[in-house]
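Working notes, beginning with the structure itself.
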Amino acid sequence: MVDYHASNNQASSGGPAVYMDPREQENDWDRDLLLDPAWEKQQRKTFTAWCNSHLRKAGTQIENIEEDFRDGLKLMLLLEVISGERLPKPERGKMRVHKINNVNKALDYIASKGVKLVSIGAEEIVDGNAKMTLGMIWTIILRFAIQDISVEETSAKEGLLLWCQRKTAPYKNVNVQNFHISWKDGLAFNALIHRHRPELIDYDKLRKDDPLTNLNNAFEVAEKYLDIPKMMDAEDIVGTLRPDEKAIMTYVSCFYHAFSGAQKAETAANRICKVLAVNQENEHLMEDYEKLASDLLEWIRRTIPWLENRAPEKTMAEMQQKLEDFRGYRRVHKPPKVQEKCQLEINFNTLQTKLRLSNRPAFMPSEGRMVSDINGSWHNLEGAEKGYEEWMLNEIRRLERLDHLAEKFRQKATIHESWTDGKEAMLTQKDYETASLSEVKALLRKHEAFESDLAAHQDRVEQIAAIAQELNELDYYDSPSVNARCQKICEQWDALGSLTQSRRESLERTEKQLESIDELYLEYAKRAAPFNNWMEGAMEDLQDMFIVHNIEEIQGLITAHEQFKSTLPEANKEREAIQAIQAEVQKIAQYNGIKLSGGNPYTTITPKSIDDKWHKVEQLVPQRDRALQEELAKQQSNDHLRRKFATQANIVGPWIQTKMEEIGRISIEMNGTLEDQLVNLREYEQSIIEYKPNIDQLEGDHQLIQEALIFDNSYTAYTMEHLRVGWEQLLTTIARTINEIENQILTRDAKGISQEQLHEYRTSFNHFDKKRTGQMDMDNYRALLVATGNSLGDAEFARIMGIVDPNNSGAVTFQAFIDFMSRETTDTDTADQVIASFKILAADKNFITAEELRRELPPDQAEYCIARMAPYSGPDAKPGALDYMSFSTALYGESDL
């Protein structure tokens, strides 16, 4: 119903019609003052200011409220501005009929909004009827500025009054009971402003007995800082017994809309801040993951080439230094990287959980930085590490073998070169040309003895060549000098063979002329030469270096040495027999009065040299005994080290395996609350960490074994490498299990899941986890979803699998299952909600400016939005316009940010 007051006055009363709720009834004092000129003046000023506050948005205004609306043009424009809707096209003619038609279009539009206009006609407006015009404007104010006000299920006038009472309740000397005399002293206006913008007014300095100052202060502050035009004069309000209610309501409604809009903007800004804070935190986590992954991959990339370097060293000392460097890598450099790798997996799982809980898309690391990529690189590192250690041990064996062979080559070559010294000169001399027959025969016999000696040395030459060949095959660093020396010996040996043959032919040509042969000398030479060669071989063997790796090998050498000692009595008999031949020569010569000139013509081996070499052999035998016994003691010590390591390893290995199985069982059959499970798991983790001294003890034993160059251990199947890998896997597994429980707690708290629901989820999951692995394949997961009440088609199941298994691994974990169940049953922020919040901040525009963002949001989040928002390119674009719609959808992964 439309009336100027909330009474049943007729149009003939002369007052303007007004839209009011039928339940609102004014008292008799209201009706008595219906035609008060002071009220009309206040209404005229207030309504004019209110209209201009909207018309200025369209670039125009009015000066006289009853004159400027007569043609209906500005009236229609006012309705379009305050409603945001288009009215029918106005008529531009100057005739009365054109004006009436325009006003009727405006009145029809007002009526279309559910307002019943009583006693207001287009003709009165066109004729400039002030009271009718004021009544019409009041109707518009009620409909578009006051009617939609709602506070605790009260609306319009009652809602606006309740809002004022709530906002001014804490202030002294303010008691708002109506929209007239409660506002005369101006304190209520100042209280409203101070409640929302305390920095604009010093309320404590206002005095109730100074209403003009109070009113002017409120009007000026509202106009300057709140963009609310001055609609009334302080003198009119103070000078009127009862200020006009409609003027006061109109002016107060501007405060409501100004502060209500600010509250909505604040709420919208808070929502955006919350969303942006989550996004910024996730981006920081992503950046931390990328950096940690890059650093770890870079360390692996730098380390693998070092482990794959197979450049051999020339000496044992250099290879030992390489081995020590590798041990330092194992002890110092690798353990922190193992911890970084474990922490990286934990951070990745935590980040994915936070993204799921905040309704964000799953994090996909940069190419090559996935957890699987890091695991692959780590696997390559461990493969290179294992190969590098095996290569170094083999290289040490090779160098040890090379040193032994090189020393053996030098000894044999030195002995051979000593033997061949002067042999070429002896074979090339022409002494037989001037010798007597007996002397020639002696020379021939001597040559035969030399040939016997030469044949005896053939085996040594072959040994020298064989050793040189083996040194070449084992890539000995000084092979060129060895080859050159071997080549010289072989060429000399061939030359000796040729010269020997040539001398024999020369002697045989003169043999018929030479008959005097000393059989005893010949027999001596023939027996002394091999015996002397045997003694030289014995001395060489007794001084030969040996390398053994276990007790059986040293015991074999001791047995062979004992067998050699058993042949010494027989050899001594041979020595005595050879010395007897020489004694017989001396006896015959003495008996026959023969004067011997020089020594035995058939050999240079003297009885004294035989005795000297025999005594040397007797000295070398006990030295060999001591060396063999010392090596036996060393091998027994090595065997003790093997047994000590094996005893501890055979305890630690099964312990690690048992703990791994227990962790797997705990992760499936967890009982109690998640917090209890987390406490138990951390206690369990602490008990595992406390076992670390046993691993350290094994490392110490293993280092002693490597320093002793022990390369095998038949007392245990466990190697230190196996135990290290098992220990690292055990630590990683317990840490991963704890992280899963922490993520479940995070999910439960974020989604409001009860302990009973989690227990029900775990029971259902374990029922379909047939293999008790903590994950299940697609068929079992489909059965689980059906059992939990989900009706699934192929398309729906494919959608769900895309959520719980984004990497298409074919397996679903328990964490992914509860994430899905919580996602389906809880509500989260959406892109549409964020877009709606931005629209409020942008004053219903399709774009927002940097200035608006900086005004409404905290500085860091405002700059965050400005840096990421694309320029707006819509038809209503303006310079500096930013597209908040695409930015909001990008936050939720619906487009690229």
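Between His284 and Gln280, the side chains place no donor N or O within less than 3.5 Å of an acceptor N or O (distance only, hydrogens not considered). Checking Gln703 against Glu707 by side-chain atom types alone, a donor-acceptor pair falls below 3.5 Å. For the 3.5 Å distance criterion, the side chains of Tyr718 and Asn713 fail to qualify, holding no donor opposite an acceptor. With 3.5 Å as the limit, one finds a donor-acceptor pair spanning the side chains of Asn394 and Arg397.
In this structure, the separation between CD on Gln861 and CG on Leu276 is 5.0 Å, given to the nearest 0.5 Å. Distance OG1/Thr716 to CD/Gln648: 11.0 Å, rounded to 0.5 Å. From Ile374, atom CD1 reaches atom NZ of Lys341 across 8.5 Å, with rounding to the nearest 0.5 Å. Separating the CD1 atom in Ile688 from the OG1 atom in Thr733 is a distance of 9.0 Å, to the nearest 0.5 Å. Ile558 contributes atom CD1, which lies 9.0 Å from atom CD of Glu631 (distance to the nearest 0.5 angstrom). Interatomic distance, NZ of Lys386 versus OG1 of Thr719, reported as 7.5 Å (0.5 Å rounding).
With respect to Arg330, the salt bridge (charged side-chain N to carboxylate O under 4.0 Å, His left out) criterion is satisfied by exactly one of Glu728, Glu324, Glu721: Glu721. Just one residue in the list Lys337, Arg724, Lys334, Arg327 forms a salt bridge (charged side-chain N to carboxylate O under 4.0 Å, His left out) with Glu385, and that residue is Lys334.
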#### Entry: Residue pair Ile304, Asn380: steps toward the side-chain contact (heavy atoms from CB on, under 4.5 Å) verdict
CA-CA 8 Å; Ile304 287 179; Asn380 295 337; 4.1 Å; yes
### Audit row: Leu681, Ile734, side-chain contact (heavy atoms from CB on, under 4.5 Å) steps and yes/no
CA-CA 8 Å; Leu681 280 173; Ile734 187 63; 3.9 Å; yes
### Task
Begin with the C-alpha distance, continue with both residues' side-chain angles, and end with the deciding distance and a verdict on salt bridge (charged side-chain N to carboxylate O under 4.0 Å, His left out) for Lys659 and Glu662.
CA-CA 5 Å; Lys659 294 301 178 183; Glu662 289 177 359; 3.6 Å; yes
### Message
Ile745 vs Glu742, test: side-chain contact (heavy atoms from CB on, under 4.5 Å). Steps then yes/no.
### Response
CA-CA 5 Å; Ile745 292 174; Glu742 291 174 340; 5.6 Å; no
### Task
Evaluate the side-chain contact (heavy atoms from CB on, under 4.5 Å) criterion for residues Leu351 and Asn282: first the C-alpha distance (whole Å), next the side-chain angles of each, then the deciding distance (0.1 Å), finally the verdict.
CA-CA 7 Å; Leu351 173 59; Asn282 291 340; 4.3 Å; yes
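Formation of a donor-acceptor pair under 3.5 Å by the Arg642 side chain with backbone atoms of Asp712 is found in this model. Of the possible donor and acceptor atoms, one in the side chain of Tyr289 sits under 3.5 Å from a partner among the backbone N and O of Arg369. Gln352 places a side-chain N or O within donor-acceptor distance of the main-chain N or O of Phe363, the cut-off being under 3.5 Å. In this structure, the side chain of Glu345 does not engage the main chain of Val371 through any donor-acceptor pair within 3.5 Å. Judged by distance alone, with hydrogens and angles left aside, the side-chain atoms of Asn680 form a donor-acceptor pair with the main-chain N or O of Asp676 at under 3.5 Å.
Side-chain contact check for Leu632 versus Gln629: some heavy-atom pair is nearer than 4.5 Å. Within the 4.5 Å cutoff, side-chain heavy atoms of Trp655 are placed close to those of Leu730. Put simply, the side chain of Ile738 reaches to within 4.5 Å of the side chain of Leu678, judged on heavy atoms. At a threshold of 4.5 Å between non-hydrogen side-chain atoms, the residues Glu675 and Val679 do not count as touching. In this structure, the side chains of Met286 and Leu355 come closer than 4.5 Å at one or more pairs of heavy atoms. Side-chain atoms of Gln636 and His640, non-hydrogen and from C-beta on, never get closer than 4.5 Å to each other. Residues Val652 and Ile695 have side chains in contact (heavy-atom distance under 4.5 Å, counting atoms from C-beta outward). Trp378 is listed as a side-chain neighbour of Val338, based on a closest heavy-atom distance under 4.5 Å.
In this structure, Lys322 places its NZ atom where more than 12 heavy-atom neighbours from other residues, nucleotides or ligands lie under 6.0 Å away. A 6.0 Å sphere centred on CD of Glu298 holds more than 12 heavy atoms belonging to other residues, nucleotides or ligands.
Ser888 and Ile835 get closest at one heavy-atom pair: CB-CG1, 3.4 Å. Contact detail for Pro654 and Ala649: the closest heavy-atom pair is CD-O, 4.1 Å. The two residues Asn309 and Trp391 have their closest heavy-atom pair at O-CZ3, 4.0 Å. Contact record, Ala717 with His722: O-ND1, 4.2 Å, taken as the closest heavy-atom pair. For the residue pair Trp299 and His333, the shortest heavy atom distance occurs at CZ2-O, 4.1 Å. Here the shortest heavy-atom pairing between Leu857 and Cys865 reads CD1-SG, 4.1 Å.
With sequence neighbours excluded, the residues satisfying side chain to side chain contact (heavy atoms under 4.5 Å, CB included) with His404 are Arg401, Lys408, Asp544, Met545, Ile547.
Looking at Arg331 and Glu699, no side-chain N of the basic residue comes within less than 4.0 Å of a carboxylate O on the acidic one, giving no salt bridge.
The aromatic rings of Tyr329 and Trp306 lie perpendicular to each other, with more than 60° between the two planes, well past the 30° mark.
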